[in-house]
**Student:** 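Encoded as structure tokens, here's the structure I'll be asking about.
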Amino acid sequence: TILVLDFGSQYTHLITRRLRELNVYSEMLPCTQKIADLAWKPKGVILSGGPYSVYAEDAPHVDPAVFDLNVPILGICYGLQELAWHFGKNVAAGEKREYGRTNVQVTRHNGHIDHLFDGLEDGLEVWMSHGDKLSKLPDNWVTTATTSNAPYAGIAHSSKPYYGIQFHPEVTHTPMGKYVIKNFAVGICKAQQNWTMGAFVDKEIARIRGLVGDKAQVIGAVSGGVDSTVAAKLMQKAIGDRFHAVMVDNGVLRLNEAIEVEQNLREGLGINLTVIDASKLFLGRLAGVSDPEKKRKIIGNTFIDIFQDEAKRIAAAAENTERAGKIEWFLQGTLYPDVIESISFKGPSATIKTHHNVGGLPEKMDLKLIEPLRELFKDEVRALGTEMGIPDDLVWRHPFPGPGIAIRIIGEVTPDRVRIAQEADKIWISEIKEAEYYRAISQAYAAVLGVKAVAVVGDQRLHGEIIHLRAVQTTDFMTADAFEDFSLKWLKRVSGRIANEVSGVARVVYETTSKPPATIELE
Ligand code: XMP
């Protein structure tokens, strides 16, 4: 394992990414991590970049015990400053340097000092980002790279395996950066390249069995989305029917969603699943409500009510059987980016995004949390799903919001509008799949605008709904672009199908706004 200590750079998680791509396992912890509290010994440590100045009074510093581990250390950007500061407090000066692409010239020495740049050319295109620049080297350190502007773009200790680089090897703007990281992790630290999804499945199943024991039971909500399905399948593999998956049909799911999830998860994947049809209750509570935040609250609270009742029922049934014990755990499909967000020492937020943490249910029900996906990025979750035999259709599904179609109908959510949105969405998505755009698109849906327009159907004037089609491309869902590879001709044909086949539809429009300023969902 390579330990990545995060000093708050926006790129830190990319270091972990690059290591994972090398099949090297790594863990990222805040820079304030006490080395004595680590339960494992890293093969090497990377100090990330960060927005601070090492000699500022409130600057974060690494636990000096990191130098007693006797393992290689790589400091990137702020990490380089931190190394220099540790070895000679007065050597760094606060001069600003440039931001963006630049070229570094590698200086070769003899011996270990060169290993970071092994196999690379002497001139490298790299990405620099704001920070101070080093003005003088600490004793026993040498220069390993320079730029026209920075005499110490790369430094190394003359006898110990400590390296600093001012540029960011983890970003794609440093084309050879991944080889620098590989040289460090594999060449210098000798980290094993054995992080694969197959290895992960075995390790995680063993961890789950160890945690849960051979009697306790686990409950979890599933939505039909990739994260909850993969998490549920992993639990099923680890503890079989002692894992109880619950799906609540809230009446604002995609068309036939509950039936399809039931087939996929129970019959296809052998998961112990209960589906509860609570659509009437949800739609009843949503009647007359137009405010989007109120809709979200009603759906969230109703979900909690239903889920808790079901958990009690399952618990009561479980206590009457001899083979198993009490429900003690709550499964949550938290992913690594959510964990990163919550561990950062300066923390934008100390809590996991609320829609990942089903309304505080585990605390309310006094259950312990089990999070088998907490080390994984989204694409790793997909690879894990494929590894466990989950079909492609499910693994590559677009995300779907918890409040479902309710936030895709502007204004009141009536059963008829839900039907219209569901039927239009079915046609939209099946056409997108048919034309093989589905994988290139990150999220697509059909919504109901909630204002009416006129159409003429047969000889009749129809005052009908306007369907709003959206399809976006994004990598992180923070920014997004409208998908633009459809031809107008294709869009016209699909619009025609929706207007003709879905009763009550007068018009169809396609949205071209980006996020920002728009959001992906309508409200
Ligand atoms: P926005 O609309 O904010 O959406 O650009 C970004 C991503 O978040 C999803 N989203 C939600 N998911 N509950 C959820 O579970 C919500 O209330 C919610 N609002 C937005 C949205 O589908 C997109 O993937």
Side-chain angles (χ1 to χ4, degrees), residues 217-233 235-236 241 243-269 271-287 289 292-318 327 329-334 353-367 369-370 394 397-409 413-415 418-419 421-422 425 445 521:
Q217 307 199 54
V218 181
I219 194 165
V222 292
S223 65
V226 54
D227 302 346
S228 65
T229 304
V230 170
K233 181 63 194 170
M235 293 307 296
Q236 185 269 336
D241 283 358
F243 168 63
H244 303 263
V246 176
M247 177 181 194
V248 177
D249 181 351
N250 59 15
V252 282
L253 302 176
R254 297 171 175 116
L255 191 65
N256 299 329
E257 178 80 347
I259 297 167
E260 284 172 18
V261 171
E262 194 162 1
Q263 278 171 357
N264 284 332
L265 269 64
R266 192 192 291 158
E267 286 153 39
L269 300 173
I271 292 166
N272 177 12
L273 169 73
T274 309
V275 177
I276 302 163
D277 180 3
S279 46
K280 288 218 166 65
L281 179 67
F282 278 89
L283 290 177
R285 289 190 186 175
L286 284 169
V289 178
E293 290 312 305
K294 275 199 190 127
K295 291 179 188 173
R296 282 186 166 86
K297 264 211 185 90
I298 290 171
I299 292 170
N301 292 340
T302 308
F303 177 88
I304 289 172
D305 294 348
I306 304 268
F307 189 90
Q308 266 185 304
D309 285 351
E310 183 56 23
K312 276 183 206 146
R313 200 194 59 75
I314 291 173
I327 294 182
W329 298 86
F330 183 87
L331 171 70
Q332 193 162 280
T334 318
K353 284 183 210 141
T354 50
H355 58 261
H356 284 281
N357 189 351
V358 209
L361 259 180
E363 297 81 26
K364 241 179 221 160
M365 295 169 59
D366 200 19
L367 297 175
L369 263 190
I370 189 160
L394 237 161
R397 248 179 147 194
H398 292 170
F400 185 74
I405 287 176
I407 56 167
R408 294 174 175 179
I409 294 171
V413 180
T414 64
V418 171
R419 172 194 60 81
Q422 283 177 331
D425 189 75
Y445 64 85
E521 298 295 342

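Only a predicted model underlies this, so the values are computations on that prediction, with no experimental measurement involved.
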**Student:** State the CD1-CZ distance between I299 and R285, to the nearest 0.5 angstrom.
**Tutor:** 11.5 Å
**Student:** Run Y445 and E521 through side-chain contact (heavy atoms from CB on, under 4.5 Å) and show every step you take.
**Tutor:** CA-CA 9 Å; Y445 64 85; E521 298 295 342; 3.9 Å; yes
**Student:** Would you say T414 and L283 make side-chain contact, with heavy atoms under 4.5 Å?
**Tutor:** no
**Student:** Considering non-hydrogen atoms only, spot the tightest contact between V222 and A245 and give its length.
**Tutor:** CG1-CB, 4.0 Å
**Student:** Can you tell me how far the CG atom of L281 sits from the CZ atom of F303, to the nearest 0.5 Å?
**Tutor:** 13.0 Å
**Student:** Is the backbone N or O of D425 less than 3.5 Å from a side-chain atom of R254, with the two atoms forming a donor-acceptor pair by type?
**Tutor:** no
**Student:** Closest heavy-atom contact between S223 and S228?
**Tutor:** N-OG, 3.1 Å
**Student:** Between M365 and I327, is a side-chain contact (heavy atoms from CB on, under 4.5 Å) present by the stated rule, with each step listed?
**Tutor:** CA-CA 10 Å; M365 295 169 59; I327 294 182; over 6 Å; no
**Student:** To the nearest 0.5 Å, what is the distance between CD1 (I304) and NZ (K364)?
**Tutor:** 4.0 Å
**Student:** Less than 4.5 Å apart, any side-chain heavy atom of T302 and any of N250?
**Tutor:** no
**Student:** Please report the closest heavy-atom contact between L286 and K295, naming both atoms and the distance.
**Tutor:** CD2-CA, 4.0 Å
**Student:** Is any side-chain heavy atom of R408 closer than 4.5 Å to one of P401?
**Tutor:** yes
**Student:** So, do L269 and Q236 sit near enough that their side-chain heavy atoms are less than 4.5 Å apart?
**Tutor:** no
**Student:** Work out which heavy atom in Q332 is nearest to a heavy atom in P362; give both atom names and the distance.
**Tutor:** OE1-CG, 4.4 Å
**Student:** Does the side chain of T229 come within less than 4.5 Å of K233's, by heavy atoms?
**Tutor:** no
**Student:** Does a side-chain heavy-atom distance below 4.5 Å link I219 with F330?
**Tutor:** yes
**Student:** Check the pair R397 / E257 against salt bridge (charged side-chain N to carboxylate O under 4.0 Å, His left out), numbers first and verdict last.
**Tutor:** CA-CA 13 Å; R397 248 179 147 194; E257 178 80 347; 2.9 Å; yes
**Student:** Which heavy atom of A258 sits nearest a heavy atom of D249, and at what distance?
**Tutor:** CB-OD2, 3.7 Å
**Student:** Applying the side-chain contact (heavy atoms from CB on, under 4.5 Å) criterion to V413, which one of V418, I405, V289, I407 satisfies it?
**Tutor:** V418
**Student:** Can a donor-acceptor pair be found, under 3.5 Å and without considering hydrogens, that links the side chain of Q422 to the backbone of L253?
**Tutor:** yes
**Student:** Is any side-chain heavy atom of R266 closer than 4.5 Å to one of M247?
**Tutor:** no
**Student:** Please examine the side chains of V275 and V261, heavy atoms only from C-beta on, and report whether any two atoms are closer than 4.5 Å.
**Tutor:** no
**Student:** Using 0.5 Å steps for rounding, measure from the CD1 atom of I276 to the CD1 atom of I306.
**Tutor:** 6.5 Å
**Student:** Could you grab the distance from atom CD1 of I314 to atom OG1 of T274, nearest 0.5 Å is fine?
**Tutor:** 4.5 Å
**Student:** Between NE2 of H244 and CG of L331, what distance do you get to the nearest 0.5 Å?
**Tutor:** 12.5 Å
**Student:** Show the nearest heavy-atom pair for residues A278 and V248, with the distance to one decimal.
**Tutor:** CB-CG1, 4.3 Å
